[in-house]
Amino acid sequence: MQKTIFWVSLVGLFLQWDNVGAFHDDVYQPRVPIELIEELQDIDNPYPATPERIELGKQIFYGKGLCVTCHSENGKGLKRPGHPPRDFTDKKWQEIRTDGEMMWVLRNGSPGTEMPVRVGKVINEEEGWSVIHFIRTLMDKE
Ligand code: HEC
């Protein structure tokens with residue numbers, strides 16, 4: 001009996017690893033649970049991208065949000081072992097990812113990676129939406 005439990009949990013562990021791997025095959029794949037994706041993609045940023053809003057987001061990125069410690073000064077992200085932080089200058093990623101999906105990641109972290117929960121922990125909702133506006137400004141323009 002105990003042997004069976006051992007093998008079942010071992011197989012379970014492998015299946016789980018396998019899933020995590022598949023979920024993060026590339027940086028463009030959704031980071032949110034697939035059953036929520038349509039709902040999240042419909043959510044617009046409730047705050048307009050005014051210069052003041054972007055400035056507030058910038059202060060959070062370099063300040064109390066601690067984003068800069070992983071995502072680096074220019075938003076390209078530090079080279080780290082495991083899942084690298086997203087390259088925010090990547091135009092293709094910026095076009096694919098919606099504000100609503102980013103907000104989910106800020107509220108929940110990115111499961112299986114080092115991306116931690118931010119909204120509700122170190123910043124509030126409004127600050128979360130503001131920092132998303134700032135992330136949009138990091139995109140390579142050409
Ligand atoms: C401890 C390191 C760390 C900190 C601090 C951190 N991040 Fe991240 N972040 C990551 C990593 C690693 C990823 C890549 C996760 C993945 O591949 O799913 C990531 C991914 C993201 C993504 C992209 C997810 C997607 O949809 O592709 C967003 C948006 C993001 N971070 C925003 C932020 C913001 C805003 C802050 C600060 C409020 C922050 N992060 C703080 C490590 C960090």
Side-chain angles (χ1 to χ4, degrees), residues 3-142:
K3 256 193 174 162
T4 319
I5 292 176
F6 173 78
W7 284 112
V8 168
S9 35
L10 201 66
V11 168
L13 207 63
F14 274 119
L15 286 178
Q16 238 177 344
W17 269 334
D18 208 47
N19 277 339
V20 170
F23 194 57
H24 296 296
D25 264 356
D26 73 59
V27 297
Y28 306 115
Q29 271 180 13
R31 260 39 182 174
V32 303
I34 220 65
E35 63 276 15
L36 296 180
I37 194 153
E38 279 185 35
E39 190 186 320
L40 292 168
Q41 285 179 340
D42 269 352
I43 301 175
D44 289 327
N45 197 316
Y47 301 95
T50 59
E52 296 75 32
R53 180 66 57 197
I54 292 169
E55 182 55 34
L56 178 65
K58 186 175 177 183
Q59 281 167 19
I60 286 157
F61 189 90
Y62 295 108
K64 71 172 174 179
L66 299 176
C67 321
V68 68
T69 57
C70 297
H71 290 284
S72 80
E73 292 280 328
N74 60 9
K76 281 184 180 292
L78 300 179
K79 299 278 168 284
R80 310 164 57 96
H83 280 90
R86 190 67 56 257
D87 176 0
F88 294 139
T89 67
D90 179 351
K91 200 166 174 223
K92 183 174 168 196
W93 176 82
Q94 286 271 3
E95 278 161 8
I96 290 173
R97 200 64 91 236
T98 65
D99 286 16
E101 287 175 272
M102 282 200 224
M103 192 44 149
W104 186 92
V105 169
L106 290 181
R107 285 195 188 115
N108 300 282
S110 183
T113 79
E114 282 183 83
M115 173 61 202
V117 174
R118 302 282 83 187
V119 168
K121 251 195 170 158
V122 291
I123 58 174
N124 63 31
E125 292 267 325
E126 184 181 343
E127 292 168 330
W129 290 116
S130 308
V131 79
I132 290 171
H133 276 317
F134 174 67
I135 287 175
R136 295 297 187 194
T137 69
L138 294 168
M139 180 173 83
D140 269 342
K141 298 299 180 289
E142 345 53 89

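In what follows, residues are counted from 1 in the order of the sequence shown. Read the numbers this way: they start at 1 and go in the same order the structure lists the ligands and their atoms.
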Inset, instruction - Measure the NZ-OG1 distance between K76 and T89 for me, rounded to the nearest 0.5 Å. - result: 3.0 Å
Would a 4.5 Å heavy-atom cut-off, applied to side chains only, mark [X] and [Y] as touching?
X    : Y    : answer
E126 : R53  : yes
E127 : V119 : no
M102 : I135 : yes
Q94  : R136 : yes

Legend entry - For atom 8 (Fe) of ligand 1, the closest N/O/S atom belonging to H71: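 Of all N, O or S atoms in H71, atom 8 (Fe) of ligand 1 lies closest to NE2.
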Inset, instruction - Only pairs at least two apart or in different chains count here, so list each ring pair (Phe, Tyr, Trp, His ring centres under 6.0 Å) that has a residue in residues 89-120. - result: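 Every ring pair (Phe, Tyr, Trp, His ring centres under 6.0 Å) pair that includes a residue of residues 89-120, provided the two are not neighbours, is F88-W93.
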Inset, instruction - Check whether any heavy atom of G128 sits under 4.0 Å from an atom of ligand 1. - result: no
Legend entry - Residues which pass side-chain hydrogen bond (donor to acceptor under 3.5 Å, both in side chains) with N124, listed by chain and number, not counting sequence neighbours: none
Could you tell me, atom by atom, which parts of ligand 1 come under 4.0 Å of a heavy atom of [X]?
X    : result
H83  : 12 (C), 17 (O)
L106 : 32 (C), 33 (C), 34 (C), 35 (C)
L66  : 5 (C)
T113 : 15 (C), 16 (C), 18 (O)
M102 : 29 (C)
C70  : 1 (C), 2 (C), 3 (C), 4 (C), 5 (C), 42 (C), 43 (C)
W93  : 23 (C), 25 (C), 27 (O)

Legend entry - Heteroatom proximity flag, T69 to ligand 1, N/O under 3.5 Å: no
Legend entry - Test of proximity, R118 against ligand 1: N or O pairs below 3.5 Å: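 There is no such contact.
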Pick one of side chain, backbone, both or neither for how [X] approaches ligand 1, counting any non-hydrogen atom pair under 4.0 Å.
X    : result
F88  : side chain
P30  : neither
S110 : side chain
R97  : side chain
F61  : neither

Legend entry - Closest approach of E73 to V68 (non-hydrogen atoms, all atoms of both residues):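 Smallest interatomic distance, heavy atoms only, reads N-CG2, 3.8 Å.
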Inset, instruction - Between P85, S130, C67, G112, flag the one that comes closest to atom 41 (C) of ligand 1 by a heavy atom. - result: C67
Legend entry - Plane angle bin for F61 and H71 - parallel if under 30°, tilted between 30 and 60°, otherwise perpendicular: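 Rings of H71 and F61: tilted, 30 to 60°.
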Inset, instruction - Could you tell me whether atom 8 (Fe) of ligand 1 has an N, O or S atom of M115 under 2.8 Å away? - result: yes
Legend entry - Over 12 foreign heavy atoms within 6.0 Å of CD, E38: no
